[in-house]
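Taking it in order: structure first as structure tokens, then the write-up.
Please read these numbers as outputs of a predicted model, since none were measured by experiment.
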Amino acid sequence: MSSTQAAGAIPRAFARRSPVRRHQWAGLLFVLPAVALVVVFFVVPLAMTAWMSLHNWPLMGASRFIGLDNYLAIARDTRFWNALRFTALYTVVVTIAIFAAAFPLALFVEKPRPFAGLYRTAYFLPVVVGFASASLLWAWLLNVDAGLFSPAAEALGLTGNRVNLLADFDPAFWSIIAMVVWKVAGFTMVILMTGLQGIPADYLEAAKIDGAGPWARFRRITLPLMRRTIALALILSVTGSMLAFDQFYIILGGGPRNQTVTAVYWIFNQSFVSFRLGYGAALSMVLLAILLVLSVIQLRLLRHPEGE
């Protein structure tokens with residue numbers, strides 16, 4: 001190739017690549033704000049928390065590097081492990097309850113029927129209420145004197161007198177479960193409804209023609225095709241439940257008898273009540289590691305059999 005031909009080939013190659021490069025730079029500019037938000041509000045705080053966890057970090061005064069001492073102290077912290085066990089129990093129970101309520105609702109509102117939009121709005125409406133506001137509302141509803149549930153039960157003759165639902169563990173625990181299901185089931189319903197609407201109607205019609213009943217169609221077609229949707233809803237539910245704090249802090253205050261202290265509640269207590277910020281940061285990192293492990297396990301259990 002002559003020098004003239006080589007000189008002409010370079011601009012042509014550059015011209016061919018320049019639109020691609022322009023698109024790449026345009027795409028980078030579009031995602032740059034999102035990347036900046038993630039770095040500023042997630043990566044930097046995470047790195048700072050990890051750094052704090054290696055220090056004796058009081059609220060006032062200078063911090064002191066102590067290495068892994070905070071993590072070694074966690075191994076001896078029975079209160080944290082008790083809180084983690086209670087959080088695991090709460091997560092299992094509330095996740096099952098949420099799916100038990102959300103799946104029938106999704107099946108109901110997914111079908112075209114009169115007032116379907118009204119039903120969807122009504123079921124989803126509690127989701128827009130903040131957890132703190134919902135907790136304050138239910139704290140009033142559950143109040144033995146000024147609330148609604150106990151006086152209504154007494155007026156209807158269901159109880160001989162007014163019962164304090166927050167005085168003992170079992171009624172207090174199930175009251176919290178009822179509140180969370182009321183608050184969150186609509187969100188899970190929308191996720192599951194989206195998965196149901198993504199299933200091709202031809203599959204269900206073909207199975208119906210072949211003689212498959214409703215349960216067989218649900219088990220053989222609906223559930224397998226909703227595997228990824230269920231995985232998403234499950235991860236969101238488990239993660240949110242493991243991070244539960246507002247309802248237990250506002251309604252129960254950790255009671256009765258400190259039996260409803262969650263992992264996040266204990267982290268809050270150590271960080272902002274005892275002012276052991278370094279130890280609270282170490283607890284946060286341990287909880288983050290547990291959540292990552294749980295998410296990976298859920299994804300592996302619910303991934304497509306063929307690995308898609």
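At most 12 non-hydrogen atoms from other residues, nucleotides or ligands lie less than 6.0 angstrom from OH of Tyr203. Counting non-hydrogen atoms of neighbouring residues, nucleotides and ligands closer than 6.0 angstrom, the CZ atom of Phe99 exceeds 12 such neighbours.
A tilted orientation is assigned to the rings of Phe268 and Phe245, their planes being inclined by 30° to 60°.
In this structure a side-chain-to-backbone donor-acceptor pair under 3.5 Å is missing from Trp81 to Arg76. Using a distance-only test at 3.5 Å, with no hydrogens or angles considered, no donor-acceptor pair links the side chain of Gln270 to the main chain of Trp266. A donor-acceptor pair under 3.5 Å is absent between the side-chain atoms of Asn164 and the main chain of Val144, judged by distance alone. Here the side chain of Ser271 pairs no donor or acceptor atom with the backbone of Leu277 at under 3.5 angstrom. Under a 3.5 Å cut-off, the side chain of Trp138 and the backbone N or O of Ile176 do not form any donor-acceptor pair.
No side-chain heavy atom of Tyr123 sits under 4.5 Å from any side-chain heavy atom of Met193. Residues Leu137 and Trp182 have side chains in contact (heavy-atom distance under 4.5 Å, counting atoms from C-beta outward). Using a 4.5 Å heavy-atom cutoff, the side chains of Leu84 and Met242 are in contact. Using a 4.5 Å heavy-atom threshold, the side chains of Val127 and Val190 count as separate. Counting only heavy atoms from C-beta outward, the side chains of Asn269 and Ser274 approach each other to under 4.5 Å. A 4.5 Å side-chain heavy-atom check between Leu291 and Leu243 finds at least one atom pair inside the cut-off. At a threshold of 4.5 Å between non-hydrogen side-chain atoms, the residues Met285 and Tyr71 count as touching. Looking only at side-chain heavy atoms (C-beta outward), Gln247 and Lys183 stay at 4.5 Å or farther from each other.
Taking CG of Leu192 as the start and CG of Leu232 as the end, the distance is 9.0 Å to the nearest 0.5 Å. Phe218 contributes atom CZ, which lies 4.0 Å from atom CG of Leu223 (distance to the nearest 0.5 angstrom). Rounding to the nearest 0.5 Å places CG of Asp69 at 12.0 Å from OH of Tyr279. The CZ atom of Arg85 sits 10.5 Å away from atom CZ of Phe80, with the distance rounded to the nearest 0.5 Å. With rounding to the nearest 0.5 Å, the separation of CG in Asn70 from CD1 in Ile66 is 4.0 Å. Here CD1 of Ile199 is found 7.5 Å from CD of Glu110. Values are rounded to the nearest 0.5 Å.
Checking each of Tyr90, Tyr265, Phe173, Phe131 against Phe248 for a ring-ring contact (aromatic ring centres under 6.0 Å, His included) leaves exactly one that passes, namely Tyr90.
Taking all atoms of both residues into account, the shortest heavy-atom contact from Ser150 to Leu165 is OG-CG, 4.2 Å. Contact record, His55 with Ser63: CD2-OG, 4.0 Å, taken as the closest heavy-atom pair. The two residues Val261 and Asn258 come nearest to each other via the heavy atoms CG2-O, 3.8 Å. Considering every non-hydrogen atom in both Leu204 and Arg217, the closest pair reads O-CD, 3.6 Å. Of all heavy-atom pairs between Ile191 and Ala233, the closest is CG2-CB, 4.0 Å. The two residues Thr87 and Ala263 come nearest to each other via the heavy atoms OG1-N, 2.9 Å.
Ile96 and Leu105 are assigned to two separate hydrophobic clusters, defined by single-linkage of ILVMFWY side chains at heavy-atom distances under 4.5 Å. Cluster membership check: Leu141 shares its hydrophobic cluster with Ile177, using side-chain heavy-atom separations under 4.5 Å among Ile, Leu, Val, Met, Phe, Trp and Tyr. Ile250 and Trp140 fall within a single hydrophobic cluster, where Ile, Leu, Val, Met, Phe, Trp and Tyr side chains are chained together by heavy-atom contacts under 4.5 Å. Hydrophobic clustering (ILVMFWY, side-chain heavy atoms < 4.5 Å, transitive): Leu252 and Val94 are in one cluster. Criterion: ILVMFWY side-chain heavy atoms under 4.5 Å apart, direct or through other members. Under it, Val181 and Leu89 are part of a common hydrophobic cluster.
Evaluation of the side chain to side chain donor-acceptor pair (under 3.5 Å) rule for Arg162 yields Glu154 as partners, not counting sequence neighbours. Applying the side chain to side chain donor-acceptor pair (under 3.5 Å) criterion to Ser237, with sequence neighbours excluded, gives Thr95.
Between Arg79 and Asn82, the side chains place no donor N or O within less than 3.5 Å of an acceptor N or O (distance only, hydrogens not considered).
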Begin from the C-alpha positions of Leu68 and Leu54 and carry the test side chain to side chain contact (heavy atoms under 4.5 Å, CB included) through to its verdict.
CA-CA 6 Å; Leu68 299 177; Leu54 302 175; 4.0 Å; yes
Does the side chain to side chain contact (heavy atoms under 4.5 Å, CB included) test come out yes or no for Ile230 and Phe103, once each step is laid out?
CA-CA 10 Å; Ile230 293 173; Phe103 225 125; 4.2 Å; yes
>> Assess the residue pair Leu107 and Lys111 against the criterion (side chain to side chain contact (heavy atoms under 4.5 Å, CB included)); give the C-alpha distance rounded to whole Å, side-chain angles, the decisive distance to 0.1 Å, and a yes or no.
In response: CA-CA 7 Å; Leu107 291 170; Lys111 301 295 183 184; over 6 Å; no
Carefully, step by step, assess Thr194 and Thr229 under the rule side chain to side chain contact (heavy atoms under 4.5 Å, CB included). CA-CA 8 Å; Thr194 304; Thr229 305; 5.7 Å; no
